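To start, the structure under review is shown below, and the notes come after it.
It should be emphasised that the depicted structure is a prediction, and the values quoted were computed from it without experimental measurement.
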Amino acid sequence: MSNAAASPQPFARKLIIDLTIMTVIGLVLAFIGPFGSFEQPLAYRLVSWVSFAWIGYAIYSPMSWLVDRLNKGLDLPRPFAWVFGVVLATIPMTAVVWSMGWLPGPVPLPSLEQALTSYFYVFLVGGGITAFFYMIEHRRDAGVESFAPEVPSPAVPAPKAEAMASPAPIVAQPPSSNPLLDALAPELGSDVIALEMEDHYVRVHTALGSELVLMRLRDAMAHLTEIEGYQVHRSWWVARGAVEDVEREGRNVRLLLARDIKAPVARAQVSELKQAGWI
């Protein structure tokens, strides 16, 4: 059974872009010098703020995994899940900021007031940058439409009588390709049973295995219009023929699919699935 990982090239590209953005943010903060850091020499501020930006990315970025788990397991809205993730990630980041402020000498333990003040400042910066990245991700996932005006096609002159007399030769059209299925490893087949959103990727579940594809969930769903399915959750699309059973735990409902896959159902979608005969 194959469970292939995503290609390293899209991940490396995203990492380079993110670190570039963080470097620019660090440079801007170094020149602004917030929270009293403007009193330090410029060279010190540049090294400190760029280092904080990179370390902060290493601490806050993995919170996306926690956000996905909270969003899928508890049906918690992603903004609230991200707030919880930022609150949690700010704890180790505050410890890093406090420690780096005393290096290379010994690092004393802060008082309660010093710890809370440092935490508040770090939360403001870390939360602001995280919100900035979240808005970029949300805007990308929403697929903002272009407002460019339509350009009218030029008028096509009517064909001459001589050209109409002789029929044009019939050219065989090549079979249309499916970008989603073409991105899968051949050993996974094309029997898609579910789509699962994971950060910037979509995990495509087939009857033979699963694989990550760099694609938005809405775009992946558009390539499966020939399969009867439904978006049962913000992060899940499920093929109807793949549903084997339904699992209930309190108010939480999950669809049991082949290969022991469990797809959570958003509470707002439960009634619609009942009316459609899924549940």
Side-chain angles (χ1 to χ4, degrees), residues 1-18 61 64-65 67-69 71-73 75 78 133-146 148 172-246 253-266 268-269 272-273 276-278:
M1 181 178 298
S2 173
N3 189 17
S7 172
Q9 293 182 354
F11 174 78
R13 180 176 179 273
K14 176 182 179 300
L15 181 63
I16 292 174
I17 294 175
D18 288 351
S61 181
S64 60
W65 179 89
V67 170
D68 288 338
R69 301 286 82 76
N71 178 245
K72 297 172 185 176
D75 199 17
R78 291 184 70 85
F133 274 94
Y134 175 80
M135 287 188 294
I136 293 178
E137 176 187 353
H138 182 72
R139 185 179 180 87
R140 179 187 60 82
D141 291 340
V144 179
E145 296 181 356
S146 173
Q173 297 293 332
S176 59
S177 60
N178 188 309
L180 178 65
L181 300 181
D182 293 344
L184 299 179
E187 59 268 20
L188 294 179
S190 58
D191 185 11
V192 179
I193 60 177
L195 300 174
E196 177 185 3
M197 183 175 68
E198 293 189 13
D199 199 8
H200 299 281
Y201 296 84
V202 167
R203 181 172 293 280
V204 183
H205 297 279
T206 72
L208 303 177
S210 65
E211 184 174 6
L212 284 175
V213 176
L214 184 59
M215 184 180 295
R216 297 180 302 182
L217 178 62
R218 59 180 296 178
D219 293 336
M221 291 166 50
H223 296 309
L224 298 178
T225 54
E226 297 181 356
I227 302 177
E228 183 182 3
Y230 193 81
Q231 185 175 1
V232 300
H233 190 275
R234 183 183 183 277
S235 304
W236 280 84
W237 174 94
V238 174
R240 180 165 188 171
V243 180
E244 298 180 347
D245 202 351
V246 179
V253 178
R254 297 181 180 85
L255 300 179
L256 304 184
L257 314 180
R259 298 178 36 244
D260 297 327
I261 298 175
K262 296 183 180 181
V265 179
Q269 307 295 337
E272 295 187 14
L273 292 180
W278 284 51

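- Note that NE2 of His233 and CG of Leu217 are 11.0 Å apart. Values are rounded to the nearest 0.5 Å.
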Practice prompt. Show your reasoning for whether side-chain contact (heavy atoms from CB on, under 4.5 Å) applies to Val253 and Val246.
Written response: CA-CA 7 Å; Val253 178; Val246 179; 3.7 Å; yes
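- We find the CG-CD distance between Asp260 and Glu244 to be 8.5 Å, quoted to the nearest 0.5 Å.
- Residues Lys262 and Leu257 have side chains not in contact (no heavy-atom distance under 4.5 Å, counting atoms from C-beta outward).
- The shortest heavy-atom contact between Val213 and Ala183 is CG1-CB, 3.9 Å.
- The shortest distance between side-chain heavy atoms of Leu255 and Val265 falls below 4.5 Å.
- For the atom pair CH2 of Trp236 and NE2 of His205, the computed distance is 4.0 Å after rounding to the nearest 0.5 Å.
- Distance CD/Glu187 to CD/Glu211: 7.5 Å, rounded to 0.5 Å.
- Under a 3.5 Å cut-off, the side chain of Thr206 and the backbone N or O of Leu188 do form a donor-acceptor pair.
- Contact of the Val243 side chain with the Tyr230 side chain is not registered, since no non-hydrogen atoms from C-beta on lie closer than 4.5 Å.
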Fill in: Worked verdict on Ile193 versus Val238 for side-chain contact (heavy atoms from CB on, under 4.5 Å)
CA-CA 6 Å; Ile193 60 177; Val238 174; over 6 Å; no
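- Across all their heavy atoms, Arg240 and Ala276 have their closest contact at NH2-O, 3.0 Å.
- Put simply, CG on Leu181 and CG on Leu224 are 6.5 Å apart, with the number rounded to the nearest 0.5 Å.
- Using a distance-only test at 3.5 Å, with no hydrogens or angles considered, a donor-acceptor pair links the side chain of Arg259 to the main chain of Gly209.
- Side chain of Glu198 to main chain of Leu212: no donor-acceptor pair is present (N/O by atom type, distance under 3.5 Å, no hydrogens or angles).
- No side-chain heavy atom of Gln231 sits under 4.5 Å from any side-chain heavy atom of Arg218.
- Note that the CG atom of Leu195 and the OG atom of Ser210 stand 11.5 Å from one another [nearest 0.5 Å].
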